[in-house]
Amino acid sequence: MSWPHRPDQDVLVDRPDDPARTAGIAEALGAVVPALEQFIESAPSAPIAAFNRPLVSLPSIGVGLEEMLAELAAFVEDGCRIGMPGWLGFVTTAPTTGPTVAATAAAVAGAQRYLHHSFNYLEHLALRWLGELCGLPATAAGIFTSGGSTANLLALGAARQHAFERLGVDVAEDGVPSGRFRIYASERAHRTIHRSAAVLGLGRSAVQAVGTGPAGHLDVAALDRALAQGEAEGDIPIAVVAVAGTTDTGSVDDVDGIADVCGSHDVWLHVDGAYGLIARAWPELTALFQGVERADSWIVDPHKWLACGTGVGAAFVRDADLLTRAFAEGSSAYLEGSFGPADAVAESQFDGFAGGWADQGVELSAPSRGAAVWAILREIGREGVVERIARDIGLARQLASLVVAHPDLELLCDPDLSIVCFRFRPDALVDDVALDDINERIVEGLRRTTTTVPSSTVVAGRYAIRPCFINPRTTTAEVHALVEDTVRLGSSLLHAASPGGSGAHPA
Ligand SMILES: *Cc1c(COP(=O)(O)O)cnc(C)c1O
């Protein structure tokens, strides 16, 4: 034995406890709560200050829990403002109260998804409820992931496994053989489809872009032709990706029509519903989402419209065994064999390893993400979700109407869901390059000088101001503010650029 075996080692005598505090959660949380409450209520202060702090060296001696908490409370003040009512950028928002508390509880009492405990029960329940909300087949197997990126990876991993098994190849075991593989997705599909193709060894170039109509919906006839051409050229189709709510315009593809095409070419259909699939819960939109249940895999992001806090996505696959064959770690001594399906009756936390999720994705250690999803669904129920969706789509429709009614604004695309694409277009300006430029400056101005902040995209070659309404704190006040601020900023930029203006930005 190379180390001296002394049961009374000095360090243990001097310091019998761990240097970190392991109890006193109520008091510690209490020290930060006032800052959190104030953060949620207050308008953002200059957030840029936070970026300019120096990166100091690792402390040799810690400051202790109280001092650390005081510093933490100060960081809260300059924190990320995506929860503010006027945050309308990308497809992201901050959690409401219930999921925030549930995630904290899960961090303490639900540590490690792969063991058997009550938070796994919440996770199973939340997956089932999510599937019900989105109208998925009752037999679809779900797994929570870190977000839509990993959810797409898992679903397409299952599709890849399926496609190669049909060729007699276990791709998870033996790797990708040579050949030309194809994932057919609309040109408006999310780039995480391409990244998934790269990670899965198919290559980004395996993603074949299929054209879309003017409002961003996949052209079903073009998909049919692309699949037929691929067959003629000997390509191996892995999957077709339909988007239930594109990130640019919120357009919901004709999933039913796409499912027909997939059926006739015998190809896996994946529905990327990271943003929009949850809207299927609103009965008014049933027709829009027709055919969704016919797919082989689906994803939805509870950290988007359900506002569960960033880090919660979900993938569903019709055949759970496929997911396991694609992602199993295999057995090892330290895992005491391999992961398997949950035992019917668990007698200890080790029994059944809680449902096999550790072998159905890319994570062994993982938090209990479902707690936050369970929390919001338990708090507001199906009707509450429907109310949120209807309310947010109502805000989008209100904005679209205000834009259509305004002489200086132009709606670039009718909203299917809660994303609106529009631009400032006064009569005095007709050139598209100049319009792109002025609208880009408007978005910069909104972000720098107002608290109503959209992101942008390009629709039919035109720069679009693109607010997305999924934020539970947004109200009609923000809709009106966005219209007024856009027109005000646009008019002053126009005035500055005109020959008679101040000349701050000559055209
Ligand atoms: C947001 C989004 C993704 C990616 O999800 P993350 O949770 O950001 O990783 C994928 N697809 C669509 C359609 C999205 O809107």
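We count ligands from 1, going down the list as the structure has it; atoms in each ligand are counted the same way.
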Problem set entry | Heavy-atom closest pair, residues Phe327 and Leu153 | CZ-O, 3.9 Å
Exercise. Looking at Asp301, which atoms of ligand 1 are within less than 4.0 Å of one of its heavy atoms?
Worked result: 5 (O), 6 (P), 7 (O)
Exercise. By number and element, which atoms of ligand 1 are closer than 4.0 Å to a non-hydrogen atom of Tyr275?
Worked result: 15 (O)
Exercise. Considering only the protein, which heavy-atom contact is closest to atom 6 (P) of ligand 1, and what is its distance?
Worked result: Gly148 N, 3.3 Å
Exercise. What protein heavy atom sits nearest atom 1 (C) of ligand 1, and how far off is it?
Worked result: Lys304 NZ, 1.4 Å
For this session: Give a yes or no answer on whether the side chain of Asp301 reaches the backbone of His303 with a donor-acceptor pair at less than 3.5 Å.
Result: no
Exercise. Going by the atom numbers of ligand 1, which of them fall below 4.0 Å from some non-hydrogen atom of Thr192?
Worked result: 10 (C)
Exercise. Stepwise, does the side chain to side chain contact (heavy atoms under 4.5 Å, CB included) test hold for Leu489 with Arg448?
Worked result: CA-CA 11 Å; Leu489 286 165; Arg448 263 196 257 107; over 6 Å; no
For this session: Distance to 0.1 Å, residue and atom name: give those for the protein heavy atom nearest to atom 11 (N) of ligand 1.
Result: Asp272 OD2, 2.8 Å
For this session: Between Thr150 and ligand 1, find which residue part has any heavy-atom pair under 4.0 Å and reply side chain, backbone, both or neither.
Result: neither
Problem set entry | side chain to side chain contact (heavy atoms under 4.5 Å, CB included) evaluation trace for Arg160 with Leu202 | CA-CA 9 Å; Arg160 184 187 72 158; Leu202 306 167; 4.2 Å; yes
For this session: Under 4.0 Å from a heavy atom of Ala274: give me the atoms of ligand 1 that qualify, with their elements.
Result: 2 (C), 3 (C), 10 (C), 11 (N), 12 (C), 14 (C)
Exercise. Between Phe181 and Phe164, how do the two ring planes meet: parallel, tilted or perpendicular, split at 30° and 60°?
Worked result: perpendicular
Seminar exercise, completed: The closest protein heavy-atom partner of atom 9 (O) of ligand 1 is Ser149 OG, 2.5 Å
Exercise. What about the rings of Tyr114 and Trp357, do their centers lie closer together than 6.0 Å?
Worked result: no
For this session: Considering heavy atoms of the protein only, find what lies nearest to atom 10 (C) of ligand 1 and give residue, atom and distance to 0.1 Å.
Result: His190 CG, 3.3 Å
Problem set entry | Passing option when Arg423 is tested against Asp432, Asn439, Thr486 for side chain to side chain donor-acceptor pair (under 3.5 Å) | Asp432
